[in-house]
Each structure stands twice: as C-alpha cells, then as structure tokens.
S.K.: 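Supplied in structure tokens, the structure appears directly below.
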Amino acid sequence: MHYKTHTCGELRLEHAGQTVTLAGWVHRRRDHGGVIFVDLRDRFGITQVVFNPAHLSAETFALAESLRNEYVIQVVGDVVKRPEGMANPKLATGEIEVVANKLTVLNPSKTPPFVINDDTQELDEALRLRYRYLDLRRERMMRNLIIRHRFVKFIRDYLDARGFIEVETPILFKSTPEGAREYLVPSRLHPGRFYALPQSPQQLKQLLMVAGVERYFQIARCFRDEDQRADRQPEFTQLDMEMSFVDQNDVLEVVEGLLTAFTEQFAELHGKHLMFKPFPRLSYEEVMERFGRDKPDLRYGMELFDVSAAMRGTSFAPFQAAHVKGLVAPGCAHFTRRQTDELTEFAKRNGARGLVVLWHDADGYRASGAGAKLSDAEKQAIMRISGSKPGDLVLLAADDDRMKLNEALGELRHELGLRLKLGDPDALAFAWIVDFPMFSYDETEKRWVANHHLFTAPRDEDLEFLETDPARVRGKQYDLVCNGYEVAGGSIRIHRRDVQERVMRLLGLSMEEAYQKFGHMLEAFEYGAPPHGGIAPGIDRLTMLYAGAPNLREVIAFPKNQQAADTMLGIPSPVSEKQLQELHIRIVTEEEALERLTK
RNA sequence: GGAGGCGUGGUGUAGAGGCCUAACACGCUGCCCUGUCAAGGCAGAGAUCGCGGGUUCGAAUCCCGUCGCUUCCGCCA
C-alpha cells in the first residue's frame, strides 16, 4: 500500500479530474467555519486541500476541524481546477486544489517551539539546534540540504566522467605529529594505544597515487579538534582529490571546470553567478600587495595604493617610514571622527601603527588632522595615486615592515567591504592564489617551518635557493578563494627522494626522525611514486556560498555549536565506568594529570 | 586562553532607576465565519525579565560574579 500517489509539489492543471492520495504535514490551516483550507506540505512542495462539508461526512469534517500545524495526515481527494481568480501564483501547484473526501490523521503533533511555516524570522540558534529536526523542516533549511545534495551529486558525476574513481580511506587513522589537534580513539585491543581521526586523507591519497589509482577523489569527512569559527566545524567535508602525471595547471583546470559547470548549470537552484570566467590567477605576492590578504574578496575593487615614493622626505611624522600605503573608502566622507577612530582601532588591532584619515570634500582634502599637516604637493600626489573623489574617505598607514602594513590594510579593506556591503551577494568571485612562499622563519623556535606540509614541491626555478635563501623558495602550492573565504587548497607533491631530503634537512628533520614520523610515506615513495598532486575543496564552505548562508551550520544537517557540542543529542556525553575500563582509560583531574607529568 | 555582542510569556522584539499591576507582533486556546492562501472578527490564557549577590526608599533597567549562545583574536602543517 502506498501512502501517497503524488507528492505535494507535482499536481498541475493536467491532473484535474484525477483522484489522488497525498500525505504530509499540515503547513497551515485556514478555517472559514463552513470550509477549511489546509496547505499540505511534503519535501516536494505545498498543495492546497479543501475540506467542504458538502462533500464530506460530519465525522470527517469534524476531524478536519481538529487539525493543527504539523499534524501528519493523509488525504484522498479529487484534483480540481481552482475557481476563476482563485489561483495562487506563489505556489507551483497554485492552479489546482485537492477537494478532500477522506482524511486520516497519521500522527498528531505537539505545538512546535517555533513556527515551521515562516522562516523569515530570525530564531535563537540554540533553540534551532535543540530541535534541529524541526528546524530542518523549514523551507530555507530544506533548500540548503538540497543544494548540498545537488552539489555532491554533480561532483561525483563530473569526476566519474573524467576518469576519477572514488576511494574510501579509513576514519580510524594514525595520529600525526604536525598540524591540527586531533580527535583520539582509544583501542580496546591494544591497551594504551590510540587511533586518530584524520585531519584530512592527505597521506592516504598520496599512497593511492603510489598504488597507481592516478585519478582519485573522495567526499571525505575530516576532523580537527580546534576552536570553532563561523566557517570552521570540528568535523567537515572535503572533496579530496589527487592526480598522477599532472602539473599544477591540470589540477586547477579540473576544479575550475567543475565549479564553473556547477555554478552555471544550477544557477536556477542557487541563484548565484560567476564574477570571473576563467578564474583569475594571482601570485601570493601580488595579492598581498593589491589586497593585503591571501583570501581577498574580489567582488569589489578598493585596492591598496602605494604612496611611499611620494612621501619620501615628508615632514609629516606618521609617514616617515619605508612604506606608506592606503585605500579609498568610497562615499565615506560623511564618517564622523568617532567612526574613523573606530577604524583606527581596528587597524591597530591588526598590526597597523595607526591610521591617517583624509576626508575628500568638494574642494579637496579637508584641512583638519592630517589634511592640515601634509603639504599641498603631498596631498596632490595622494589624490592622483589613490584616485579618490569628492565624497570619499582616504585611509593611510605607514610602516617599515611592508608585509605587516599590507596585512593591516588588507583586514581593514575586508572589514570595510563587509560594513559597506560592497560585494554583490549573488556573485561568486573565484580566484586562484598561486606561488606561495614555502617556508617562513619561526623567530621563537629559531628554525624554518613549512607553510603547507613537507610533501609540497618547490617550484623548479626556486630549487637552487633551498639551501641559500629559503624565504625565496615558492611552492607548487595553490589556494582557491571566493568572496573572502579560502575554499580549496592543494599542492603538487615532491616525488623525488633527493628533493624530499633537502626539504627535510632545511626543516631540521633528520632522516631518522623523518622515518619515525613519516616512514610509511618515505618507504612507499621508494617503490616508484609517480609525479602527483592534488587539492581539497571544502564542500561545506562552497555549499555555504551557494546557499548564501552566513555560516557552516546552515548547510550541515546536524552541526556542532561553538563549544563543539550537540545540545539535541547531548554530546559529548559521559560514558560508563565499564566502557572506560574496557578501553583502559581512567579519568583524572587536572591536578592529578599535572602531578603525573611532573613525576 | 583572551576580547566583544546578546539573554524579557512558546517565538521575535519594546522597555534604559519610580510611567511596569512589564507593552507589541506572531503563535496558542475558545467562539463566530463557505473561497482563503501571512485569511478575517471577538474573547482569553500565558513572564519568578538567564542565574546568584550587591547598590538604592525603589532594579528588567546600575554594579559585581556566574551560566548559556554567538562573533572575533590566539589556534586551524
């Protein structure tokens, strides 16, 4: 027996005259005394059901009167064209209605803690998460789930058609020394030993390349025990990919092709469009100079400008530094001193020494503050180079450390972009960031550290600087950014033993240590590892962008809150003494733990 | 670990030392109503203002502490 012959989203004029059975939730009920309308909802849509006493027994009509929101019901009725002028253009099924002649209440419902049939109202998220199964019933959340499904389905089809195969890798993995904090899983069979949940299948996918898979992908769950952000969850999903016999360009083209195709083919679903086609490729150096951030929001300009040369020899003390740069906040000349002070504070928090503000009025820069102290020639130079116009606000900063200056202004640019809503909410500004510096010097530990991971290949032309000038070595490493988010990151890997050894030597890693930590990798690489590389786009972040959602929780069915907890499930939860015993685990207080450590 | 924001009937908000016997909208309950689709009308129930302490003649309102949620910094090879 089937509960329904049709979904609540599929009936049209052509079905008029048919007798159908529908089942779903009471979305809304309009009781006119004599006639009752019920908007019946299932995942596929909403259909108006009419209960008319003329066509019903008294008992059935009474039952219809007892219906409340979110009751689960089944209705048998006739599809009829709505009377003239009564069609509802807001509903896909709005030309017809179902005149009920039989009603079954499959399950009543308590009054929900919040309304399901209106998702325009903002709700306390703690409440939503506590009743996530109700929250997900709301149209917006259901739509997000559908966008995510379409995206993942598209990925599988797209990559399958291009010779990729999906291979699953273990969730019970190995604790790795570097990188993010891991979730540990105690072993029952091996007292005192642990599995670790993977931060990503990085090493395993490289081993799959050694295995000859050549084109691998996986919709892979990853785990990181770090503090949460709006765009960071303790468990998240990556499109993990790796390819053999490829260079950087091959990897970029596959991902760019996939995202371009999905964006364009499903424009009607998500309503977003590409800002750039093809995606621009910017070097790390260029992006830091122009935007001050390695994940810039490119939906708007507001680029940093450089007036260092023009300010050389200035008598204005704040600009007596090696580098003077700034940006133009369009149409912000109305900002009050209080507002610009706030921006100055923001810039300082992000490493700027201060912020110099110029108000561009109808007749040039206002003669107050810096505007009074800079010479006319200096002001003219700033106006020419910045291109500021009357009504704009010019913000400048100076520093001897150029990268620090870029970063401070970059964060300021990003903040202003958000506040002024400069980005088109329907645009996706994808861009590749390439040629990242491979190493940076850790001042506190007095040693070179890898910016990505130690299997990242250096650019061929930079190999010669590996020993002489490590800061100059750029990697075959790339990020995909979109609207201010990093949405993918990857690299071409080292496949030659000699290069790998040189990198490890630079990082102060002896072969002995390296074998201890990564022996399984190094050993595998000695059995004919092909040249290979890969990338891992973040499924959650991309879905968030397609859904136009403000955080990851909106596109994850059952997310964790900021404390990495789930209040609906009540996790993390305590476990029984017996379970702990089996796992050879004893809970100790912080004091006891400290005591053991110091002994 | 640190900084900011928020916490008032079921939900979303208003209130900023006495106007509060806490208001409004939605929801909920009952009654009326045969063409609505955010239905409409009438009536009603529902809040120890997150919690604890303090200041004051008087606290939702001010102060201190605490808890919860959230955003950001640190952290995320």
Side-chain angles (χ1 to χ4, degrees), chain A residues 27-41 46-56 61 65-66 68-70 80 82-91 93-94 97 99 110-131 134-135 176-182 199-200 202-203 222-234 236 342 345-346 349-351 411 414-415 418 436 438-440 442 448-456 475 477 486 489 491 503 507 509 517-518 538 550-551 553 560-563 565 567:
Chain A
H27 188 64
R28 210 187 295 275
R29 177 185 59 106
R30 290 176 295 280
D31 186 344
H32 287 240
V35 62
I36 299 168
F37 298 96
V38 166
D39 290 342
L40 190 62
R41 180 193 76 236
I46 289 172
T47 299
Q48 174 165 285
V49 177
V50 188
F51 293 92
N52 192 321
H55 304 114
L56 291 167
F61 191 73
E65 281 181 315
S66 75
R68 294 293 181 271
N69 284 349
E70 301 308 313
V80 303
R82 291 199 187 188
E84 213 54 50
M86 299 294 168
N88 183 354
K90 284 189 240 169
L91 285 183
T93 59
E97 60 194 6
V99 177
K110 287 167 69 172
T111 300
F114 49 85
V115 291
I116 308 299
N117 58 30
D118 173 19
D119 63 5
T120 57
Q121 198 167 52
E122 282 304 317
L123 293 172
D124 177 26
E125 214 182 333
L127 184 74
R128 292 174 53 198
L129 292 175
R130 171 76 183 75
Y131 297 96
L134 297 178
D135 187 35
T176 48
E178 322 264 327
R181 238 178 256 123
E182 297 163 313
Q199 304 166 34
S200 86
Q202 179 62 41
Q203 296 180 26
C222 307
F223 306 86
R224 292 180 191 173
D225 186 8
E226 297 291 349
D227 287 356
Q228 312 308 303
R229 290 286 186 282
D231 62 348
R232 274 163 38 186
Q233 278 275 310
F236 60 100
E342 203 184 298
E345 276 312 304
F346 180 87
R349 276 203 305 278
N350 285 285
E411 291 308 313
H414 191 67
E415 176 70 14
L418 292 176
F436 283 84
M438 273 191 68
F439 310 101
S440 48
D442 188 322
W448 292 93
V449 293
N451 290 334
H452 196 47
H453 56 69
L454 82 173
F455 301 113
T456 300
Q477 181 196 336
E486 178 194 326
S491 65
V503 167
L507 297 175
L509 210 59
K517 293 176 173 175
F518 301 106
N551 63 60
R553 296 181 298 274
K560 306 287 189 285
N561 69 12
Q562 196 170 42
Q563 276 63 244
T567 52

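In what follows, every heavy atom counts, from backbone to side chain, and hydrogens, waters and symmetry copies are set aside. Just so it is clear: chains get the letters A, B, ... in the order the sequence lines come, proteins before strands, and each one is counted from 1.
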S.K.: Using a 4.0 Å heavy-atom cut-off across all strands, classify A:R553 as base, sugar-phosphate, or nothing.
M.R.: sugar-phosphate
S.K.: Does A:E182 reach the main-chain N or O of A:T176 with its side chain, forming a donor-acceptor pair under 3.5 Å?
M.R.: yes
S.K.: Of all the nucleotides listed (B:C72, B:U34, B:A38), which has the minimum atom distance to the side chain of A:R28?
M.R.: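 Nearest nucleotide to the side chain: B:A38.
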S.K.: Give a yes/no answer on whether the side chain of A:N350 brings an N or O atom under 4.0 Å of OP1 or OP2 in B:C72.
M.R.: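 For B:C72, neither OP1 nor OP2 has a side-chain N or O of A:N350 closer than 4.0 Å.
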S.K.: How long is the line joining CZ of A:R29 and P of B:A39, in whole Å?
M.R.: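 Computing the A:R29:CZ to B:A39:P distance gives 11 Å.
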S.K.: Is A:L127 touching bases, backbone alone, or none of the nucleic acid, heavy atoms closer than 4.0 Å?
M.R.: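 Result for A:L127 = sugar-phosphate.
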S.K.: Rounded to the nearest Å, what distance is computed from the CD atom of residue A:E84 to the P atom of nucleotide B:G35?
M.R.: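 So the CD-P distance, A:E84 to B:G35, works out to 17 Å.
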S.K.: Output the rounded distance in Å from CD (A:E411) to C1' (B:C72).
M.R.: 11 Å
S.K.: Just name whichever nucleotide pairs with B:U66, Watson-Crick or G-U, keeping both distances under 3.5 Å, else none.
M.R.: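 Per the H-bond distance test, B:G50.
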S.K.: Identify whether a stacking contact exists between A:F114 and B:U11, where the ring centres must be under 5.5 Å apart and the planes under 30° apart.
M.R.: no
S.K.: What do you reckon, do A:H32 and the base of B:G35 stack, with centroid distance below 5.5 Å and planes below 30°?
M.R.: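 Stacking is absent between B:G35 and A:H32, given that the ring centres and planes do not meet under 5.5 Å and under 30°.
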S.K.: Is the number of heavy atoms from other residues, nucleotides or ligands within 6.0 Å of CZ (A:R181) greater than 12?
M.R.: no
S.K.: Considering every strand and a 4.0 Å limit on heavy-atom distances, what is the contact class for A:D118: base, sugar-phosphate, or nothing?
M.R.: nothing
S.K.: Pick the P atom in B:G12 and in B:U70, then give their distance to the nearest Å.
M.R.: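 Nearest-Å result for B:G12 against B:U70 at atom P: 14 Å.
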S.K.: Quick one: are A:N451 and A:F436 in side-chain contact, heavy atoms under 4.5 Å?
M.R.: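 Counting from C-beta outward, A:N451 and A:F436 never come under 4.5 Å.
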S.K.: Do the side chain of A:R232 and the base of B:C75 come within less than 3.5 angstrom through a donor-acceptor pair of N or O atoms?
M.R.: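 Yes.
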S.K.: Choose from B:G35, B:G12, B:A38 the nucleotide whose nearest atom is closest to any side-chain atom of A:L123.
M.R.: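 It is B:G12.
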S.K.: For the base of B:G74, is there a side-chain donor-acceptor partner from A:D227 under 3.5 Å away?
M.R.: yes
S.K.: In terms of side-chain geometry, is the basic nitrogen of A:R29 or A:E70 positioned less than 4.0 Å from the acidic oxygen of its partner?
M.R.: no
S.K.: When all nucleic acid strands are considered with a 4.0 Å heavy-atom cut-off, which category describes A:E97: base, sugar-phosphate, or nothing?
M.R.: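 Here A:E97 touches the bases of the nucleic acid.
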S.K.: Identify which nucleotide among B:G74, B:U71, B:C69 has an atom closest to any side-chain atom of A:Q562, counting heavy atoms from C-beta outward.
M.R.: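 When the side chain of A:Q562 is considered, B:U71 is the closest of B:G74, B:U71, B:C69.
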S.K.: Below 4.0 angstrom from OP1 or OP2 of B:A38, is there any side-chain N or O of A:K90?
M.R.: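 Indeed, a polar side-chain atom of A:K90 lies that close.
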S.K.: Out of B:C69, B:C28, B:G35, which has the shortest distance to the side chain of A:P83?
M.R.: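 For the A:P83 side chain, the nearest candidate turns out to be B:G35.
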S.K.: Taking only side-chain N and O atoms of A:R68, does any of them lie within less than 4.0 angstrom of OP1 or OP2 on B:G30?
M.R.: yes
S.K.: Which comes earlier along RNA chain B counting from the 5' end, the contact point of A:K560 or that of A:A87, where each point is its nearest nucleotide?
M.R.: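 Here A:A87 is the residue nearer the 5' end.
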S.K.: Looking at the side chain of A:M86, which of B:U34, B:U70, B:U36 is the nearest nucleotide?
M.R.: B:U36
S.K.: Is there a donor-acceptor pair closer than 3.5 Å between any side-chain N or O of A:Q199 and the backbone N or O of A:A180?
M.R.: yes
S.K.: Within the distance-only criterion (no hydrogens, no angle test), does the side chain of A:E125 pair as donor or acceptor with the backbone N or O of A:L123 below 3.5 angstrom?
M.R.: no
S.K.: Please measure how far the P atom in B:C31 lies from the corresponding atom in B:C37, and state the result in whole Å.
M.R.: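 To the nearest whole Å, 23 Å.
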S.K.: Both distances under 3.5 Å, Watson-Crick or G-U wobble: report the partner of B:A23, or none.
M.R.: B:U13
S.K.: Using a cut-off of less than 4.0 Å, is there contact between a side-chain N or O of A:R82 and OP1 or OP2 of B:U36?
M.R.: no
S.K.: Between B:G35, B:C28, B:C37, which nucleotide gets closest to the side-chain atoms of A:T111?
M.R.: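 Looking only at heavy atoms from C-beta outward on A:T111, the closest nucleotide is B:C28.
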S.K.: What does A:N451 touch in the nucleic acid at a heavy-atom separation under 4.0 angstrom: a base, only the sugar-phosphate, or nothing?
M.R.: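 Sugar-phosphate: the residue A:N451, judged by heavy atoms under 4.0 Å, touches backbone atoms but no base.
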S.K.: Work out how far the C1' atom of B:U61 is from that of B:A23, and round it to whole angstrom.
M.R.: 15 Å
S.K.: Closest to the A:F37 side chain: B:U36, B:U71, B:C73?
M.R.: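 Between B:U36, B:U71, B:C73, the one nearest the side chain of A:F37 would be B:U36.
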S.K.: Could you state the atom-to-atom distance from CZ of A:R181 to C1' of B:G1 in whole Å?
M.R.: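 One finds 10 Å between C1' of B:G1 and CZ of A:R181, rounded.
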S.K.: Which nucleotide, if any, forms a Watson-Crick or G-U wobble pair with B:C31, using both distances under 3.5 Å?
M.R.: B:G41
S.K.: Among B:A39, B:C33, B:G30, find the nucleotide with the atom closest to the side chain of A:D31.
M.R.: B:C33
S.K.: Does A:D227 pair with A:R232 as a salt bridge, N-O distance under 4.0 Å?
M.R.: no
S.K.: Take atom CG of A:L56 and atom C1' of B:U34, then tell me their distance rounded to the nearest Å.
M.R.: 13 Å
S.K.: Using both distances under 3.5 Å as the test, list the Watson-Crick or G-U wobble partner of B:A3, or none.
M.R.: B:U71
S.K.: Roughly, in whole Å, what's the span from CD in A:E415 to C1' in B:U71?
M.R.: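 Rounded to whole Å, this separation is 11 Å.
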S.K.: Look up atom CG in A:L509 and atom CZ in A:F518, then write down how far apart they are to the nearest 0.5 Å.
M.R.: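 These two atoms lie 7.0 Å from each other.
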S.K.: Hey, does A:F346 have a side-chain heavy atom less than 4.5 Å from the side chain of A:E411?
M.R.: yes
S.K.: Any side-chain N or O of A:Q199 under 4.0 Å from OP1/OP2 of B:C76?
M.R.: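 Looking at the OP1 and OP2 atoms of B:C76, neither is under 4.0 Å from any side-chain N or O of A:Q199.
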S.K.: Is there a donor N/O on one and an acceptor N/O on the other, under 3.5 Å, for the side chain of A:E226 and the base of B:G74?
M.R.: no
S.K.: Tell me whether the side-chain N/O atoms of A:R229 come closer than 4.0 Å to OP1 or OP2 in B:C73.
M.R.: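 The answer is yes; a side-chain N or O of A:R229 sits under 4.0 Å from OP1 or OP2.
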S.K.: With a cut-off of less than 4.0 Å, is there a side-chain N or O of A:R30 near OP1 or OP2 of B:U36?
M.R.: no
S.K.: Taking the P atom in each of B:C51 and B:C57, what is the distance between them to the nearest angstrom?
M.R.: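 Those two atoms are separated by 25 Å.
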S.K.: Taking atom P in both B:C64 and B:C6, what distance in whole Å separates the two?
M.R.: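 Going atom to atom, P in each nucleotide, I get 15 Å.
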S.K.: Look at the side-chain N and O atoms of A:Q121 and state whether any lies under 4.0 Å from the OP1 or OP2 oxygen of B:U13.
M.R.: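 So the side-chain polar atoms of A:Q121 never come under 4.0 Å of the phosphate oxygens OP1 or OP2 of B:U13.
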S.K.: Roughly how many Å apart are B:G27 and B:U13, using the C1' atom of each and rounding to a whole number?
M.R.: 14 Å
S.K.: Nearest to the side chain of A:A230, which nucleotide is it out of B:U70, B:G27, B:C72?
M.R.: B:C72
S.K.: If we take the C1' atom in both B:G46 and B:A22, what is their distance in whole Å?
M.R.: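 Approximately 14 Å lies between the C1' atom of B:G46 and that of B:A22.
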S.K.: Measure the distance from CG on A:N88 to C1' on B:A39 and round it to the nearest whole Å.
M.R.: 12 Å
S.K.: What is the distance, rounded to the nearest whole Å, between atom CD of A:E65 and atom C1' of B:C33?
M.R.: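 Distance, rounded to whole Å: 11 Å.
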S.K.: In whole Å, measure the gap between the C1' atoms of B:G1 and B:C19 for me.
M.R.: 46 Å
S.K.: Between B:G27, B:C75, B:C37, spot the one nearest the side chain of A:V115, thanks.
M.R.: B:G27
S.K.: Check whether any side-chain N or O of A:E97 sits under 3.5 Å from a backbone N or O of A:V80 as a donor-acceptor pair, and report yes or no.
M.R.: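 It does not hold such a pair.
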S.K.: If you pin A:D39 and A:G179 to their nearest nucleotides in RNA chain B, which one's is more 5'?
M.R.: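 Nearest nucleotide further toward 5': that of A:D39.
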S.K.: Would you indicate, yes or no, if B:C69 has its OP1 or OP2 atom less than 4.0 angstrom from a side-chain nitrogen or oxygen of A:N561?
M.R.: yes
